Amino acid sequence: MVGGGLSAQEMFTDPNNVFLNNEGVEITGTAAKQMLYGSTQKYQLKRKPSADGKTVIQLIPVSEKEYWKSIEADKKTVKQLKGKPLIPYELTDLSGKPFTNERVGGKLTVYNFWFTGCRPCLVEIPQLNELVAHYGDRVNFVAATFESQEKVDRFLSKRSFDYEIVTGATKLVSELRITSYPAHLVVDEQGVIRNIFIGKSETIGKLLDKVIQGHL
């Protein structure tokens with residue numbers, strides 16, 4: 001789903017994004033924006049990394065019913081991950097170093113899946129920062145995004161997000177079937193997913209705090 005605000009508009013002008021229509025033909029960011037916001041047609045955005053490090057975003061037209069059915073199906077799939085090990089991954093931290101499961105092994109880890117154009121993601125950041133301030137290094141807090149480091153750096157130059165932020169998560173979010181944002185996974189010391197929260201919540205800080213207290 002596409003969020004509102006300036007950051008959402010930057011998605012269409014970001015040189016690291018390549019847009020394709022349903023036939024797989026490359027289109028401009030302006031054309032993609034018009035397709036998404038200029039009609040009542042619903043689209044799913046399918047993202048995948050390209051060989052040159054860019055993000056390919058294809059607009060797939062779906063009916064209103066199909067759109068919401070797909071969203072709900074994906075939410076159900078993600079929730080079924082509870083009690084299962086988090087799949088292996090390799091992301092990149094903001095210093096350019098690889099970030100894998102091993103970096104968080106042996107410690108309770110809270111994952112936040114977000115992107116800069118997701119308004120609900122941005123609204124909850126102050127609550128997430130409070131969790132980091134309270135628990136310090138007793139808990140790993142990781143924010144994973146499919147967006148480029150350049151875009152994240154621009155965002156962080158204007159506001160603070162105290163999680164360990166990692167990029168290059170296109171493959172990971174695709175394999176986990178995360179299509180609704182924000183999403184939070186709480187993973188225990190053995191790498192098993194214990195709690196999952198999907199979508200907007202005005203009390204996400206309290207929900208995560210309760211879960212964390214129950215695990216520590």
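Given the structure is predicted, the values throughout are model-derived calculations rather than measurements.
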Report task. Evaluate the criterion side-chain contact (heavy atoms from CB on, under 4.5 Å) for residue pair E150 and N16; output intermediate values, then yes/no. Result -> CA-CA 9 Å; E150 181 182 5; N16 292 306; 3.1 Å; yes
Report task. To the nearest 0.5 Å, tell me how far I57 CD1 sits from I27 CD1. Result -> 10.0 Å
Query raised in the report: Can you list the residues that meet the side chain to side chain contact (heavy atoms under 4.5 Å, CB included) rule with E189, with sequence neighbours excluded?
Result: L108
Query raised in the report: Rounded to the nearest 0.5 Å, what separation is found between the CG atom of N129 and the NE2 atom of H134?
Result: 14.5 Å
Query - Minimum heavy-atom distance P182-P120, with the two atoms named - result: CD-CB, 3.8 Å
Query raised in the report: Could you walk me through whether R159 and L122 pass the side-chain contact (heavy atoms from CB on, under 4.5 Å) check?
Result: CA-CA 10 Å; R159 62 185 301 176; L122 307 188; 3.7 Å; yes
Query raised in the report: Are V104 and V192 grouped together when hydrophobic residues (ILVMFWY) are joined by side-chain heavy atoms under 4.5 angstrom apart?
Result: no
Requested in this report: Identify whether V123 and L131 are in the same connected component of the hydrophobic contact network (ILVMFWY, side-chain heavy atoms under 4.5 Å).
Outcome: no
Query - CZ-OG1 distance between F19 and T28, expressed to the nearest 0.5 angstrom - result: 9.0 Å
Requested in this report: State whether the number of non-hydrogen atoms from other residues, nucleotides or ligands found under 6.0 Å of K171 atom NZ is greater than 12.
Outcome: no
Query raised in the report: Is L36 reachable from V56 through a run of I, L, V, M, F, W or Y residues, each pair having side-chain heavy atoms under 4.5 Å apart?
Result: no
Query raised in the report: Quick one: salt bridge (Lys or Arg N to Asp or Glu O under 4.0 Å) pairs with a partner in residues 95-107, sequence neighbours left out?
Result: D93-R103, R103-E164
Report task. Report the distance from atom CG of L81 to atom CD1 of I196, rounding to the nearest 0.5 Å. Result -> 5.0 Å
Query raised in the report: Is V139 reachable from L207 through a run of hydrophobic residues whose side-chain heavy atoms are each under 4.5 Å from the next?
Result: yes
Query raised in the report: Tell me, do I165 and Q149 make a side-chain contact under 4.5 Å, heavy atoms counted?
Result: no
**Report entry** Residues forming a side chain to side chain contact (heavy atoms under 4.5 Å, CB included) with I87, sequence neighbours excluded
**Finding:** L172, E175, L176
Query raised in the report: Side-chain contact, heavy-atom cut-off 4.5 Å: T116 with K151?
Result: yes
Report task. Step by step, work out the side-chain contact (heavy atoms from CB on, under 4.5 Å) result for L59 and N22. Result -> CA-CA 6 Å; L59 282 68; N22 188 44; over 6 Å; no
Query - Any residue meeting side-chain hydrogen bond (donor to acceptor under 3.5 Å, both in side chains) with Q190, in chain and number order, not counting sequence neighbours - result: none
Report summary line: In this structure, OG of S201 is separated from NE2 of H184 (nearest 0.5 Å) by 8.0 Å
Query raised in the report: Tell me the side chain to side chain donor-acceptor pair (under 3.5 Å) pairs involving residues 75-89, sequence neighbours left out?
Result: Y89-Y111
Query raised in the report: Under 4.5 Å between any side-chain heavy atoms of Y135 and Q213, yes or no?
Result: yes
Requested in this report: List the steps, then state whether ring pair (Phe, Tyr, Trp, His ring centres under 6.0 Å) holds for F155 with W114.
Outcome: CA-CA 12 Å; F155 173 82; W114 73 297; 5.4 Å; yes
Query raised in the report: Side chains of V110 and L128: closer than 4.5 Å at any heavy-atom pair?
Result: no
Query - Set of residues satisfying side chain to side chain contact (heavy atoms under 4.5 Å, CB included) with respect to A183, sequence neighbours excluded - result: F113, I178
**Report entry** Common cluster, F12/V18, ILVMFWY with side-chain heavy-atom separation under 4.5 Å
**Finding:** no
Query raised in the report: Got N112 and F161 here, is their nearest side-chain heavy-atom distance under 4.5 Å?
Result: yes
Query raised in the report: Passes side-chain contact (heavy atoms from CB on, under 4.5 Å), V142 versus L91? Steps please.
Result: CA-CA 11 Å; V142 180; L91 307 175; 5.7 Å; no
Requested in this report: Find the distance between OH (Y43) and CE (M35) and round it off to the nearest 0.5 Å.
Outcome: 3.5 Å
Query raised in the report: I212 versus L216: any side-chain heavy-atom pair under 4.5 Å?
Result: yes
**Report entry** Shortest non-hydrogen contact between G205 and Q127, atoms and distance
**Finding:** N-OE1, 2.8 Å
Requested in this report: Can you sort out the partners of T92 under side chain to side chain contact (heavy atoms under 4.5 Å, CB included), two or more places apart, ordered by chain and number?
Outcome: T167
Query - ring-ring contact (aromatic ring centres under 6.0 Å, His included) partners of F141, counting only residues at least two apart - result: Y163
Report task. For Q44, check side-chain hydrogen bond (donor to acceptor under 3.5 Å, both in side chains) against everything at least two apart and list the hits. Result -> S70
Query raised in the report: Can you list every salt bridge (Lys or Arg N to Asp or Glu O under 4.0 Å) pair that touches residues 121-141, not counting sequence neighbours?
Result: none
Query raised in the report: Hey, are the side chains of L86 and L185 touching, using non-hydrogen atoms and a 4.5 Å cut-off?
Result: yes
Report task. Could you tell me which residues satisfy side-chain hydrogen bond (donor to acceptor under 3.5 Å, both in side chains) with S63, sequence neighbours excluded, listed by chain and number? Result -> E66
Requested in this report: Can you tell me which residue pairs pass the salt bridge (Lys or Arg N to Asp or Glu O under 4.0 Å) test with a partner in residues 192-212, sequence neighbours excluded?
Outcome: D188-R194
Query raised in the report: Are the side chains of Q58 and L45 in touch, meaning some heavy atoms are under 4.5 Å apart?
Result: no
